[in-house]
Amino acid sequence: MPELPEVETVRRSLLPIIGARIAAVHVFDARLRRPVGADLPTRLCGRAIHGITRRGKYLLFDLADETYLLAHLGMSGALLLRRGDVGRAPHDHVRLHFADGRHLTYNDPRRFGILRLGRLAEFDELRHVGPDPLTNEFSLAALATLTRGRKKPIKNLLMDQQGLGGIGNIYANEILFCAGLRPGRQARRLTRAELARLFAAVRAVLRTAVDLGGSSISDYRDAAGRPGYFQLQLNVYDRAGAPCPRCGTTIKRVVHAGRSSFYCPRCQR
DNA sequence: ATATGCACCTGTGTGC
DNA sequence: TGCACACAGGTGCATA
């Protein structure tokens, strides 16, 4: 479910918990991709949320004293901020209760997500997260460096979190449509002009998707339960057999490195 | 080093 | 209706 635009939308929808103090923690099921630490409740209780930042698809809750709660939503994770008695729904795994009566529930049917407490330097998963494509750490020159000498398909390079943090399968496909590039093109074969189009497309697609609150394809919601609207703007993702919105040619599906790629054979070269 | 295949887990849609 | 199978927003490890 969640790529950069969805995670950023969740982050923004969680900002109202800044300042809230954690009064109780319930771990219903610790079996996530990494098991939730048995000491999580003890270590969280009494702490307050001082800030929430994002690194690629990861969220970092600042708990002060150099301690952070690291969260990743995997393929199907959601964080829901509510108040009152809501019971335990299927796939509710962890719930933080705040002193003011609100509570934050981590729900994840596939359990590919992560909730982990520690210091920044302890989070080895963050070492594989490259620069954020929406900041000025990312530039045309940086994109050119990333692609230099790389034989893999440009789509898989865009999805490599070590190069750029936050692009997943939906947005890689949409970015390449916007840039007019086939997903299977070898990264090192892109011309200067194509790299410039690609750079602009990364920025344009991700910014628009954040503005629209991400893509709600089946069940993605932000922390307040609101859906995103970028799914209404998808040009190629999951549209195999349907007409290209620009030229009417039938959208094709191929597989690159085990992930579905969608493209218009006429608009994308 | 680099690129791919597969496993992890549950739900959903499709075809027989 | 039941069943088998393919596929799904991600990542990390094993393998060439």
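So you know, we letter chains A, B, ... as the sequences are listed, proteins then strands, and number each from 1.
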**Study point:** All side chain to side chain donor-acceptor pair (under 3.5 Å) counterparts of A/Arg95, not counting sequence neighbours
**Key:**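 With sequence neighbours excluded, A/Arg95 shows a side chain to side chain donor-acceptor pair (under 3.5 Å) to A/Asp92, A/Thr105, given in chain and number order.
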
Practice item. Provide the distance between the two C1' atoms, one in B/dA3 and one in C/dG9, to the nearest whole Å. Key: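 Those two atoms are separated by 22 Å.
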
Review point. On a whole-Å scale, what distance lies between the P atoms belonging to B/dC9 and C/dC3?
Key: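 Going atom to atom, P in each nucleotide, I get 23 Å.
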
Review point. Got a sec, which pairs hit side chain to side chain donor-acceptor pair (under 3.5 Å) with one end in residues 53-63 of chain A, sequence neighbours left out?
Key: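 Passing the test, one end in residues 53-63 of chain A: A/Glu8-A/Arg54, A/Arg54-A/Asp132.
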
Exercise for review: Please state whether the phosphate of B/dG11, meaning OP1 or OP2, lies under 4.0 angstrom from any side-chain nitrogen or oxygen of A/His91.
Suggested key: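 A/His91 to B/dG11 OP1/OP2: side-chain N or O found under 4.0 Å.
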
Check your understanding: How close or far is atom P of B/dA1 from atom CZ of A/Arg188, stated in whole angstroms?
Key ->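 These atoms are roughly 19 Å apart.
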
Check your understanding: Is the backbone N or O of A/His91 less than 3.5 Å from a side-chain atom of A/Asn107, with the two atoms forming a donor-acceptor pair by type?
Key ->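 Checked: pair present.
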
Check your understanding: Can you list, by residue number, the residues of residues 172-187 of chain A that have a non-hydrogen atom closer than 4.0 angstrom to DNA chain B?
Key ->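 Result for residues 172-187 of chain A: none.
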
Exercise for review: Note every stem involving DNA chain B: at least three consecutive Watson-Crick or G-U wobble pairs, i with j then i+1 with j-1, with both distances under 3.5 Å.
Suggested key: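 Result, WC/G-U stems under 3.5 Å: B:2-8 with C:10-16, B:10-16 with C:2-8.
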
Check your understanding: With a 4.0 Å cut-off on heavy atoms, is A/Pro153 in touch with a base, just the backbone sugar-phosphate, or nothing at all?
Key ->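 If one applies the 4.0 Å heavy-atom cut-off, A/Pro153 turns out to touch the sugar-phosphate alone, with no base involved.
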
Practice item. Keeping to residues at least two apart or across chains, list the salt bridge (Lys or Arg N to Asp or Glu O under 4.0 Å) pairs with something in residues 188-216 of chain A. Key: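 For residues 188-216 of chain A, and leaving out neighbouring residues, the salt bridge (Lys or Arg N to Asp or Glu O under 4.0 Å) pairs sorted by first residue read A/Arg185-A/Glu194.
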
Practice item. Output every pair passing ring-ring contact (aromatic ring centres under 6.0 Å, His included) with a member in residues 203-241 of chain A, not counting sequence neighbours, ordered by first then second residue. Key: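 Qualifying pairs, neighbours excluded: A/Tyr171-A/Phe230, A/Tyr237-A/Phe262.
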
Practice item. Return each pair, listed once, that meets ring-ring contact (aromatic ring centres under 6.0 Å, His included) where at least one residue sits in residues 110-141 of chain A; pairs must be two or more places apart or across chains. Key: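 Matches after skipping sequence neighbours: A/Phe138-A/Phe199.
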
**Study point:** Test side-chain contact (heavy atoms from CB on, under 4.5 Å) applied to A/Ala242 - qualifying residues, sequence neighbours left out
**Key:**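 If we apply the side-chain contact (heavy atoms from CB on, under 4.5 Å) test to A/Ala242, skipping adjacent residues, the hits are A/Arg239.
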
Exercise for review: Go through the structure and list residues passing side-chain contact (heavy atoms from CB on, under 4.5 Å) with A/Lys252, not counting sequence neighbours.
Suggested key: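 Result, side-chain contact (heavy atoms from CB on, under 4.5 Å) vs A/Lys252: A/Tyr263, A/Pro265.
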
Exercise for review: For A/Asp85, check salt bridge (charged side-chain N to carboxylate O under 4.0 Å, His left out) against everything at least two apart and list the hits.
Suggested key: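 Scan of A/Asp85 (salt bridge (charged side-chain N to carboxylate O under 4.0 Å, His left out), adjacent residues dropped) gives none.
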
Check your understanding: Of all residues at least two apart in sequence or in a different chain, which pass the salt bridge (charged side-chain N to carboxylate O under 4.0 Å, His left out) check with A/Asp238?
Key ->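 By the salt bridge (charged side-chain N to carboxylate O under 4.0 Å, His left out) rule, A/Asp238 matches no residue at all.
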
Review point. Which parts of nucleotides 5-16 of chain C does protein reach within less than 4.0 Å, heavy atoms only, written one letter per nucleotide 5' to 3' as B for base, S for sugar-phosphate only and - for none?
Key: --SBBBBS----

